*Asks:* 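Encoded as structure tokens, here's the structure I'll be asking about.
The chains referred to below are lettered A, B, ... by the order of the sequence lines, with proteins before strands, and numbering in each begins at 1. Note that this is a predicted model, so its numbers are computed, not measured.
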Amino acid sequence: MSALESTRPSNFIKDIITEDLKTDKYGGRVHTRFPPEPNGYLHIGHAKSICLNFGVAKDFKGLCNLRMDDTNPTKEEVEYVEAIKQDVRWLGFDWQDRMFYASDYFERFYECAVELIKKGRAYVCDLSSDEVREYRGTLTAPGQESPYRNRPVEENLDLFERMRAGEFPDGSRTLRAKIDMASGNINMRDPVMYRILHAGHHRTGGKWCIYPMYDYAHCISDSIEGITHSICTLEFEDHRPLYDWFLDELNVYHPQQIEFARLNLSYTVMSKRKFIQLVEGGYVRGWDDPRMSTISGLRRRGYTPEAIRNFAERIGVAKRDSVVDIALLEYCIREDLNKRASRVMAVLRPLKVVIVNYPEDKPEELDAVNNPEDPGMGTRKVPFSRVIYIEKDDFREDPPKQFFRLAPGREVRLRYAYYITCVDVIKDEKGEVVELRCTYDPATRGGDSPDGRKVKATLHWVSAEHALEAEVRLYDYLLTKPNPDDVEEGKDFKSIINPGSLEILTDCKLEPSLKDARHGDKYQFERMGYFCADPDSSGGKLVFNRTVTLKDTWAKVQKRS
RNA sequence: UGGGGCGUCGACAAGCGGCAAGUCAGGAGAUUUUGGAUCUCCCAUCCGGAGGUUCGAAUCCUCCCGCCCCAGCCA
């Protein structure tokens, strides 16, 4: 590894590259690419691939291209290419001037096809798609050769040219590679290279009516760009012989394809198909719904690029199918936000507290630390007054054994303020607690008692007369089960969507320092979790998303008993 | 009785013939004006199974078992 050694953990792909560098396989170059198809939004599975491709390039002082794999005009849209570029950039990667499109190479692909025809390695086939399927054979039975397989080169050349000229309708003919209809690898049974598609392309417009297939286009694209290591997911392992076949037959520069296992995350879905169902079925509010594991969803949820990159690093890269515990992702965002998010007090489910021995009209300002992890972030003033709100969950009229918070007759600390003792509980006609009467100890201002007496709990609070109103959206796992396919017979993942994945709280009270929170701003609401201002915040309306809860020992204790 | 992969702690994942890293989760404790953070300790005598080679195997060989992917003119 020597000078190229990175401080980050290695993996089998980096090991291969290190070895290739040692043997000077590519003249010391490392050049990767991230090749999304612009037919949907990127998700955290793509983030793994992006971090791998761009990360490896960076580690070895190489380059990584961004390439749109846009060979199918019927599925792809410009809207997606812009979103993809934004997501990759947001993740922190730079493709500099190397933004490419497979469609840039359409002319070159065509020339290569002509060359293969001339070599007798490709032919125009008139079989319909149904017939092609029948001729292909099955997993256990070999296929049959197409009756058009041995057309003379001249006839193939003529037909292929006329395919391009638009003389034939969609589906009437294809250009196929002449390989081996008896191969155990079905991909080698004369795969289709070109299909006729009279459809406009988002970049080439109406110029083409024949479009190359993935297997044919991808390897040549890699070759044209001088890619050294073409990293893709496991399901393409079977395609590698074909990747190699085209490049060998064309006798052009030959990158190597390496496959790794795609990311699966517990309690969520990870496929375009499923994301589309969620969006179109109205189960979520869009591709950037904070419950979605799309990059845009995570961004809106409050995840940072740093956390996602760190996550990608921690999960590793290997060839074994696996499901990563979503708790690891949560750990990564907590770790990041703990260091950088300002602490602030917000009461999500308010319970009114009147401090009976506190003056009616003498609000005061108390000093609060912005981030105990980082003194450099300073302090701020928080207003305190006779009427405050505390969290409903922080009071229990009949506290269980391990409950340390407020209860009748019990003393607790209000963070940065005073010790208070509950002296009275006021209920409505339904018996629900609607207000607490407490006394405070003026000697404990700031939160310390001069006599050294201890309290077991510290509560966050917000002064009623100074409180900001806000809407807070609490998110939970999208699914009720770790595996989206663990469903009853005949049902799909939509049957296990967590009905509690979104809870909207509209009566939340925030400390006044949050007045100017701008969308994307991230905070720790003390004792509640990390939150970020949602784009729906506008004018005077504040809307926050809960990114993730804090680690909650109390919840764990409750769960146990 | 097709082809290609993969099986190491609850979840990821190192290990590449010398006697099982690390991380998350979980547990115990210290500390704490967030039941947060931090710190300490515990958590695979065992590497899908069975044989074999070897002084010595998770690592090599053989057989078996299990899981994933492939029959789009999708990528």
Side-chain angles (χ1 to χ4, degrees), chain A residues 9-11 15 35-37 39 69-72 74-76 125 127-129 132-134 136-143 170-176 182-189 191-197 210-211 213-215 217-218 232-241 259 261 266 272 313-332 334-335 338-339 343 345 368-369 371-373 402-405 413-417 419 444 446-448 455-460 482 524-529 549-557:
Chain A
S10 191
N11 57 54
D15 292 346
E37 181 189 13
N39 71 341
D69 219 338
D70 57 351
T71 55
N72 187 346
T74 63
K75 295 184 157 189
E76 297 145 8
C125 180
L127 255 25
S128 69
S129 57
V132 168
R133 188 182 319 120
E134 283 165 28
R136 185 155 34 225
T138 67
L139 292 179
T140 51
D170 286 4
S172 60
R173 286 179 223 265
T174 55
L175 182 73
R176 295 226 259 163
S183 173
N185 181 346
I186 289 177
N187 295 299
M188 301 300 270
R189 318 240 264 227
V192 171
M193 294 164 60
Y194 271 92
R195 71 285 217 187
I196 300 173
L197 242 33
I210 55 171
Y211 291 92
M213 297 289 291
Y214 166 85
D215 287 306
H218 203 91
C232 63
T233 44
L234 250 31
E235 66 271 26
F236 291 103
E237 211 149 19
D238 287 344
H239 296 239
R240 193 170 64 225
E259 311 84 11
S266 60
K272 260 171 218 170
E313 205 66 64
R314 282 170 188 265
I315 59 177
V317 178
K319 295 197 69 159
R320 134 183 19 139
D321 289 312
S322 61
V323 180
V324 174
D325 191 338
I326 197 164
L328 181 57
L329 213 212
E330 295 183 330
Y331 173 83
C332 290
R334 284 191 188 108
E335 181 187 48
N338 175 49
K339 288 178 300 193
R343 271 59 169 175
M345 292 195 284
V369 173
N371 188 345
E373 301 296 315
Q402 303 195 73
F403 185 86
F404 305 147
R405 282 111 95 145
R413 171 168 42 231
L414 291 179
R415 180 139 234 227
Y416 301 125
Y419 283 14
T444 58
D448 277 312
V455 287
K456 294 196 82 172
T458 299
L459 272 38
H460 62 281
Q524 183 195 104
F525 288 0
E526 292 215 33
R527 304 204 306 134
M528 303 307 286
T549 59
L550 252 28
K551 221 171 106 184
D552 192 345
T553 307
W554 168 235
K556 216 177 281 174
V557 170

*Asks:* Could you tell me the Watson-Crick or G-U partner of B/C63, where both distances fall under 3.5 Å? Say none if there is no partner.
*Replies:*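 Here B/C63 is engaged in a pair, and the nucleotide opposite it is B/G49.
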*Asks:* Parallel, tilted or perpendicular: which fits the ring planes of A/Y214 and A/H239, with parallel below 30° and perpendicular above 60°?
*Replies:*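 Correct class here is perpendicular.
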*Asks:* Between the base of B/G4 and the side chain of A/N185, is one N or O donor paired with an acceptor at under 3.5 angstrom?
*Replies:*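 A donor-acceptor contact between them is absent.
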*Asks:* Please confirm whether any donor atom in the side chain of A/E373 sits under 3.5 Å from an acceptor in the base of B/G36, or the reverse.
*Replies:* yes
*Asks:* Rounded to the nearest Å, what distance is computed from the CZ atom of residue A/R189 to the P atom of nucleotide B/G4?
*Replies:* 13 Å
*Asks:* What integer number of Å spans the C1' atoms of B/G48 and B/C9?
*Replies:* 15 Å
*Asks:* Does A/R405 contact B/G35 through a side-chain donor or acceptor facing the base, at a distance under 3.5 Å?
*Replies:*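 In this structure, the two groups form a donor-acceptor pair.
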*Asks:* A/L328 has an atom CG; how far is it from atom C1' of B/C12, in whole Å?
*Replies:*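 Atom-to-atom, A/L328 to B/C12, this comes out as 7 Å.
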*Asks:* Is there, by distance only and without an angle test, a donor paired with an acceptor across the side chain of A/R343 and the base of B/U34 below 3.5 Å?
*Replies:*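 Indeed there is one.
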*Asks:* Do A/W554 and A/F404 make the cut of ring centroids closer than 6.0 angstrom?
*Replies:*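 No.
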*Asks:* Show which side-chain atoms of residues 314-324 of chain A pair as donor or acceptor with protein atoms under 3.5 Å away, not counting sequence neighbours.
*Replies:*
{"residue": "A/R314", "atom": "NE", "partner": "A/N310", "partner atom": "OD1", "Å": "2.8"}
{"residue": "A/R314", "atom": "NH2", "partner": "A/E335", "partner atom": "OE1", "Å": "3.4"}
{"residue": "A/R314", "atom": "NH2", "partner": "A/E335", "partner atom": "OE2", "Å": "3.1"}
{"residue": "A/K319", "atom": "NZ", "partner": "A/E237", "partner atom": "OE2", "Å": "2.3"}

*Asks:* Would you measure the distance from the C1' atom in B/C42 across to the matching atom in B/G51 and give it in whole Å?
*Replies:* 36 Å
*Asks:* Tell me whether the OP1 or OP2 atom of B/U34 has a side-chain N or O from A/K551 closer than 4.0 Å.
*Replies:*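 It does not, given that no N or O in the side chain of A/K551 lies less than 4.0 Å from OP1 or OP2 of B/U34.
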*Asks:* If I pick the P atom on B/A25 and the same atom on B/U1, what distance separates them, to the nearest angstrom?
*Replies:*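 Straight-line distance between the two P atoms is 45 Å.
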*Asks:* Using a heavy-atom cut-off of under 4.0 Å over every strand shown, decide if A/L139 touches base, sugar-phosphate, or nothing.
*Replies:*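 Since a base atom lies under 4.0 Å of A/L139, the category is base.
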*Asks:* Rounded to whole angstrom units, what separation is found between the CZ atom of A/R176 and the P atom of B/G72?
*Replies:*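 Whole-Å distance recorded here is 12 Å.
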*Asks:* Quick one: are A/E313 and A/P9 in side-chain contact, heavy atoms under 4.5 Å?
*Replies:* yes
*Asks:* Using the P atom on both, measure B/A21 against B/G26 and round to a whole Å.
*Replies:* 23 Å
*Asks:* On a whole-Å scale, what distance lies between the C1' atoms belonging to B/C16 and B/A57?
*Replies:*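 Rounded to whole Å, the distance is 12 Å.
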*Asks:* Can you check the distance between B/U23 and B/C43, where both ends of the measurement are the P atom (answer in whole Å)?
*Replies:*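 One P to the other, the span is 14 Å.
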*Asks:* Across the strands shown, which category fits A/E526 at heavy-atom distances under 4.0 angstrom: base, sugar-phosphate, nothing?
*Replies:*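 The residue A/E526 makes base contact.
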